[in-house]
Number of protein chains: 2
Amino acid sequence: MTTADLRAHALAILKACLGAVDPYQAVRQALCLEGSRLRVDGQTYDLGSFRRVIAVGAGKAGAPMARALEDVLGPRLDGGRVVVKTGHGGPTRGIELLEASHPLPDQGSLDAGRAVMGTLAGAGEETLVFCLLSGGGSALLVAPAPGLSLADKQETTRLLLASGAEIGEINAVRKHLSVIKGGGLARLAAPATVICLIVSDVVGDRLDVIASGPTVGDTSTWAEVRAVLRRHGLLHKVPAVVRQRLEMGVAGRLAETPKPGQDCFGRVRNLIVASNRQALLAGQERARELGYAPLLLTSSLTGEARSVGQVLSALAREAQASGHPLKPPCCLLAGGETTVTLGDSPGQGGRNQELALAAALGLAGLEGVLLMSAGSDGTDGPTEAAGAFAHGQTVVLALARGLKPRLSLERHDAHPLFQALGDLVVTGPTRTNVMDIQILLVTG
Amino acid sequence: MTTADLRAHALAILKACLGAVDPYQAVRQALCLEGSRLRVDGQTYDLGSFRRVIAVGAGKAGAPMARALEDVLGPRLDGGRVVVKTGHGGPTRGIELLEASHPLPDQGSLDAGRAVMGTLAGAGEETLVFCLLSGGGSALLVAPAPGLSLADKQETTRLLLASGAEIGEINAVRKHLSVIKGGGLARLAAPATVICLIVSDVVGDRLDVIASGPTVGDTSTWAEVRAVLRRHGLLHKVPAVVRQRLEMGVAGRLAETPKPGQDCFGRVRNLIVASNRQALLAGQERARELGYAPLLLTSSLTGEARSVGQVLSALAREAQASGHPLKPPCCLLAGGETTVTLGDSPGQGGRNQELALAAALGLAGLEGVLLMSAGSDGTDGPTEAAGAFAHGQTVVLALARGLKPRLSLERHDAHPLFQALGDLVVTGPTRTNVMDIQILLVTG
């Protein structure tokens, strides 16, 4: 098997992965309409029993998700509002696309929050609300609790991060400072029926984490929020309005966030229509067709990109040396979101290219092995590439051109190296985002 | 399955791993003596046909390996010299144990090099030489090429490391500056028969890397050594005697390192008697007996400990969420040697405890999952523990005691946290070293 063959196979597998998580297709395929009967995830809804069918939502994939919903429902859809990242709009028929800033929220996010709340204000028992969520939804759709400003929320989050709080602790606090997050959207929509369709860009696909869980019950309490702030010595450092609200909450003078099992979730259905796992499962099938024994390692990969690259190369070495975890020819698939901790003078690259370069050092000298790491959205850091290919000859070919792979890695400068070797993965924008995908082919 | 059950299972699996790589047992089991016929790895040697049987070697496991050889061969062994780390000696009968410094070589290492060369000087066609190698052998047994000092070699290595040279490039240079490394010992022993028994503490078990490959042909050449130094701009920075030697080498006025296939290797047999992979394979069998579907991921794990911990926790999450890479109850096994990059004010810990703490953050909230990471030698960093257990309740139990897991991890201060939770793995010295072992049990 030549490197060119392996490269072609990896791209074919990536294509299968991406095909399975196209937001437009994912929404269309999640919804099956026959006459007035809509089937979603095994449940049937009679659209004739609803007086109004509306859509709300937020996220970078909002535009194709909205179009898919319009295409499925046609004139049965009465309208709605979905927030997308500035510039990510596009033609829609009945759903208004609002634009806001990402990754940092802005006034547009607050306006969008108010507009979406307005849309939901009219929802009643005979309303069907589609909620379309995707990556970025948390920043695009913002609604601070009464009396709080966006700045108050942001300052509180900053203090928690700096004090070493766990992410679960931070989320508990944030949900208690928002009207929409932590089940708030479901409460606003009640007693309407809610079908929430989700493109997950969150490691682990936790419904209470994606877009901060606007349609999912929150298990944390005001008492816990106080305990978190006390534990980290922040009770008297957070903005005064936050502390005030906390005291009122603990005293029982403010409503709790809606809890799992409460009435407002009785008619809510959350469905992940596209996720990293779904991408990998599709890739697994394609790999099998191409003659590889596939193994899905995990769709929750996190960690420093270079270390993850080393781990993946170690799996390839073991497969060739001992037939573990699988005998070659095999295809190991992984996905998730790694991190690059930049030093003082970062070069050009992205986490996928960095991961690939680290893997290349680990694969050096092996024959018949190829790793591809790519961002499912088609971009990797501030480069035009989605990622890169690494194989057993990457290091020696780079050295022969006067490049220094180990130094490039140390300087987070993988892009020029892979560009020189013609080993970039370039897909262009894919219009979806389910984090990153790693495909490791081991033959020989 | 309670955490206590999982803990007991992990310890039982670790015990099986360690049992398979005890240096004394490993050497005994590699050698089968019936009358004067010695069988080693499928080959039979007639000890009656040798006039002398001697042993040389170096490494931290040298003492138990030497004793095992003595116990197997009894009076048929004529003597020998094996270098061990200062303080790691012990009673032997015929084999003299020399002591030298580790990890940095000292005068003792040079003396040991001369002594071992002296032992080999008398070897002839009717000599059988046992070579006992284990971790640390490269520093314990040093013999610079004629005209070079230990300092010249060390300075050259330092320059290469600082200039971003790859490890393969560095090894090529080092082997050309030594009399023993890179096949040198085999050349000194020729035309004797050599049986080299190896306890591998090297990621990937590469024979040319373990103890710098004293009994393995070197594929690199003087021309390549010059190319390496030129590529990294070191041709005129290395010590003058090194450059001089290089020029003579390239001009053909110095012998090359012995190459694979050369006569001096015709009677050399290299056998890894204990390795991380062998430990994991034994652990795999024990896990199966305990009712877990086992999967050996890799015995070549490298990377930053915290990231490796994250990756392993991601595999556990996926197994519970989707039955990939295996359906629970399953046991994922990995091994290798991770790294901890220390910041300014490191706390107390070791790479296994750091890996476990990172895994604990990733496992937070899961039920029926446990990860154990432990050094096979029974030590982890400058602590009395071999490693630690991580599970789904580690984080919440730590927070309840006022500990801050994420800050502890950032400060490389995992030891106090695991100590407070009673989650340290304490084995005491195991008298072997095949790097680290990770055991991940997933049920539920």
Side-chain angles (χ1 to χ4, degrees), chain A residues 163-169 203-205 227-228 231-232 277 280-281 284 295-319 321-326 332-334 336 338-339 358 361-362 364-365 395-396 399 402 404-408 410, chain B residues 163-169 203-205 227-228 231-232 277 280-281 284 295-319 321-326 332-334 336 338-339 358 361-362 364-365 395-396 399 402 404-408 410:
Chain A
S163 72
E166 306 302 335
I167 187 69
E169 297 180 307
V203 172
D205 299 333
V228 167
R231 189 178 299 142
H232 297 288
R277 179 179 299 136
L280 298 183
L281 288 169
Q284 192 170 246
L295 187 68
L296 195 170
L297 292 170
T298 180
S299 61
S300 304
L301 210 51
T302 61
E304 193 71 17
R306 62 181 60 201
S307 293
V308 174
Q310 285 178 269
V311 172
L312 292 175
S313 70
L315 289 165
R317 282 205 172 267
E318 192 70 38
S322 78
H324 294 93
L326 270 189
L332 307 182
L333 296 119
T338 63
T339 314
L361 289 162
V395 167
V396 66
L399 288 171
K404 297 189 176 187
R406 199 161 66 79
L407 277 195
S408 296
E410 273 170 26
Chain B
S163 72
E166 306 302 333
I167 187 68
E169 296 180 308
V203 172
D205 298 331
V228 167
R231 187 178 301 143
H232 297 287
R277 180 179 297 138
L280 298 184
L281 287 170
Q284 193 170 244
L295 186 69
L296 196 170
L297 292 170
T298 179
S299 61
S300 305
L301 210 50
T302 62
E304 193 71 16
R306 62 181 61 201
S307 293
V308 174
Q310 285 179 268
V311 172
L312 291 175
S313 70
L315 289 164
R317 281 204 173 268
E318 191 70 37
S322 79
H324 295 93
L326 269 189
L332 308 181
L333 296 119
T338 63
T339 314
L361 289 162
V395 167
V396 65
L399 288 171
K404 297 189 177 187
R406 198 161 67 81
L407 276 195
S408 296
E410 271 170 27

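Chain naming here is simple, since letters A, B, ... match the order of the sequence lines and numbering starts at 1 in each. Keep in mind the model is a prediction, meaning the values are calculated, not measured.
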Exercise for the section: Please report the closest heavy-atom contact between B/Arg277 and A/Ala321, naming both atoms and the distance. Expected result: NH2-CB, 3.2 Å
Problem - Heavy-atom proximity to chain A below 4.5 Å, by part of B/Leu281 - result: side chain
Handout entry: B/Leu326 versus chain A, the contacting section by heavy-atom distance below 4.5 Å
Key = neither
Handout entry: Per-residue contact mode, A/Glu169 against chain B (heavy atom under 4.5 angstrom)
Key = side chain
Practice task
Tell me, out of A/Gly336, A/Pro405, A/Ala319, who's got the most heavy-atom pairs with chain B below 4.5 Å.
Solution key: A/Pro405
Practice task
Select, from A/Leu280, A/Thr298, A/Leu399, the one with the greatest count of heavy-atom pairs under 4.5 Å involving chain B.
Solution key: A/Thr298
Problem - Segment of B/Val203 engaging chain A (4.5 angstrom heavy-atom cut-off) - result: neither
Practice task
Below 4.5 Å from any heavy atom of chain B, which atoms of A/Leu361 appear? Answer side chain, backbone, both or neither.
Solution key: side chain
Handout entry: Close side-chain approach of B/Glu304 to A/Arg306, heavy-atom, < 4.5 Å
Key = no
Handout entry: Side-chain donor or acceptor of B/Arg406 paired with backbone N/O of A/Ala165 under 3.5 Å
Key = yes
Handout entry: Contact origin within A/Leu295 toward chain B - heavy atom pairs under 4.5 Å
Key = side chain
Practice task
Give, for atom CD of B/Gln310 and atom OG1 of A/Thr338, the distance between the pair rounded to the nearest 0.5 Å.
Solution key: 10.0 Å
Handout entry: Smallest separation among heavy atoms of B/Val308 and A/Val311, with atom names
Key = CG2-CG2, 3.8 Å
Problem - Nearest heavy-atom neighbours spanning A/Lys404 and B/His232 - result: NZ-ND1, 3.1 Å
Problem - Donor-acceptor contact present, side-chain B/Ser307 to main-chain A/Ser307, <3.5 Å - result: no
Practice task
Please report the shortest heavy-atom distance between B/Pro325 and A/Leu297, naming the atom on each side.
Solution key: CD-O, 3.2 Å
Practice task
Please tell me if the side chains of A/Leu296 and B/Glu318 come closer than 4.5 Å, counting only heavy atoms from C-beta onward.
Solution key: yes
Handout entry: Shortest non-hydrogen separation from A/Leu407 to B/Ser163 and the atoms involved
Key = CD1-O, 3.8 Å
Problem - Heavy-atom proximity to chain A below 4.5 Å, by part of B/Glu410 - result: neither
